[in-house]
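This report refers to the structure that appears directly beneath it.
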Amino acid sequence: MSKEHTGERTLKDEARRAKSRIKSGFWTACKEDMDERLENARAAGVNESKAGRYFAEKVSAKIAGEKEDEFYLKVKQMLENEGEVSNAIGRLTDKAYYDTLSYEEKQRYTLSLSEKYLRALERFRRECEFENLHKA
């Protein structure tokens, strides 16, 4: 199977994409956007260093072509619609899959789901804190 069919990127492909970003003014626009957001963070009293790391992560994800993961989107929707709820893990559990597991597997699944939820919750909180610093 060729690299095109497997989704692998070669060094040549990455270099071509980097050159395209430079030619299109991606980095200039990125710098201007970052400067404006950091200025907004400063004015809002938000930790500038923390905001800078958050926005840098967003740029890195954009360059890598990362897409929102399904689990995070489900957590985000739940948090936006209902806030933090006491039975979040139960709501996020895949009941059909859960019912097929042994006792030990259920414990591992619940622990894993809980860890994923806490990471998603932290990400949601960061986004809420910094997303309002977009261009007005």
Side-chain angles (χ1 to χ4, degrees):
M1 194 177 260
S2 74
K3 291 183 190 249
E4 294 161 9
H5 290 93
T6 62
E8 279 185 46
R9 295 182 181 149
T10 65
L11 183 58
K12 190 174 183 178
D13 293 335
E14 290 299 324
R16 189 175 298 120
R17 291 177 69 217
K19 186 176 181 179
S20 175
R21 283 192 297 273
I22 290 170
K23 283 184 175 182
S24 71
F26 174 84
W27 291 111
T28 303
C30 186
K31 170 115 175 70
E32 290 170 0
D33 185 48
M34 178 76 85
D35 290 345
E36 183 173 340
R37 288 179 186 217
L38 290 176
E39 181 60 38
N40 291 344
R42 205 174 299 119
V46 174
N47 182 319
E48 197 175 334
S49 175
K50 193 173 170 185
R53 284 191 305 273
Y54 172 76
F55 295 129
E57 287 173 14
K58 295 293 259 182
V59 171
S60 295
K62 185 176 182 179
I63 290 170
E66 293 177 11
K67 295 183 173 86
E68 298 279 5
D69 77 52
E70 217 173 288
F71 182 81
Y72 174 71
L73 293 175
K74 190 174 181 180
V75 170
K76 182 178 178 180
Q77 182 180 17
M78 183 178 68
L79 291 169
E80 287 175 341
N81 293 339
E82 303 173 49
E84 291 184 46
V85 293
S86 60
N87 64 340
I89 304 304
R91 291 180 183 205
L92 296 168
T93 299
D94 179 345
K95 309 285 191 271
Y97 174 70
Y98 187 81
D99 290 340
T100 67
L101 301 175
S102 70
Y103 176 78
E104 292 81 16
E105 291 170 330
K106 286 178 179 178
Q107 297 300 310
R108 281 192 294 275
Y109 175 79
T110 302
L111 181 59
S112 172
L113 190 62
S114 177
E115 290 170 350
K116 279 178 70 175
Y117 171 72
L118 289 174
R119 283 192 305 272
L121 178 60
E122 179 59 31
R123 178 178 170 188
F124 178 78
R125 287 176 177 162
R126 271 194 329 264
E127 285 183 3
C128 288
E129 181 180 2
F130 298 119
E131 288 301 315
N132 63 352
L133 300 176
H134 281 283
K135 295 178 183 176

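Any value given below was found using the heavy atoms of this structure, including those in side chains, with hydrogens, waters and symmetry copies removed. Position 1 is the first residue of the sequence; numbering continues from there. Fair warning: this is a prediction, and the values are worked out from it, not measured in the lab.
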_Regarding Arg119 and Glu122, does a basic nitrogen lie under 4.0 Å from an acidic carboxylate oxygen?_
no
_Please check: side-chain N/O of Lys106 versus main-chain N/O of Asp99, any donor-acceptor pairing under 3.5 Å?_
no
*Where do Tyr117 and Leu92 land on the side chain to side chain contact (heavy atoms under 4.5 Å, CB included) test, with the steps shown first?*
CA-CA 9 Å; Tyr117 171 72; Leu92 296 168; 3.5 Å; yes
*If you round to the nearest 0.5 Å, how far is NZ of Lys31 from OG1 of Thr28?*
10.0 Å
*Please round to the nearest 0.5 Å and tell me the distance separating atom NZ of Lys116 and atom NZ of Lys74.*
9.5 Å
*Is atom CD of Gln77 surrounded by more than 12 heavy atoms (other residues, nucleotides or ligands) closer than 6.0 Å?*
no
*Establish whether Tyr98 and Met78 are linked, either directly or via other cluster members, by ILVMFWY side-chain heavy-atom contacts under 4.5 Å.*
yes
*Would you say Thr110's side chain and Gln107's backbone share a donor-acceptor pair under 3.5 angstrom?*
no
*asked:* If I take atom CD from residue Glu115 and atom OG from residue Ser112, how far apart are they, to the nearest 0.5 angstrom?
replied: 6.0 Å
*side chain to side chain contact (heavy atoms under 4.5 Å, CB included) between Asp35 and Glu39: does it pass, once the steps are laid out?*
CA-CA 6 Å; Asp35 290 345; Glu39 181 60 38; over 6 Å; no
*Might you confirm whether atom NZ of Lys23 has over 12 heavy atoms from other residues, nucleotides or ligands at distances under 6.0 Å?*
no
*Supply the atom-to-atom distance Tyr109 OH to Ile89 CD1, rounded to the nearest 0.5 angstrom.*
9.5 Å
_Gap between atom OG1 of Thr100 and atom CD of Glu105 - 0.5 Å precision_ = 7.5 Å
*Arg123/Glu127 ion pair, N-O < 4.0 Å*: yes
_Would you compute the distance between atom CG of Leu73 and atom CD of Glu80 and round it to the nearest 0.5 angstrom?_
9.5 Å
*Indicate, with yes or no, if Val85 and Leu79 share a hydrophobic cluster defined by side-chain heavy-atom contacts under 4.5 Å among Ile, Leu, Val, Met, Phe, Trp and Tyr.*
yes
*Closest approach of Ala120 to Phe71 (non-hydrogen atoms, all atoms of both residues)*: CB-CE2, 4.2 Å
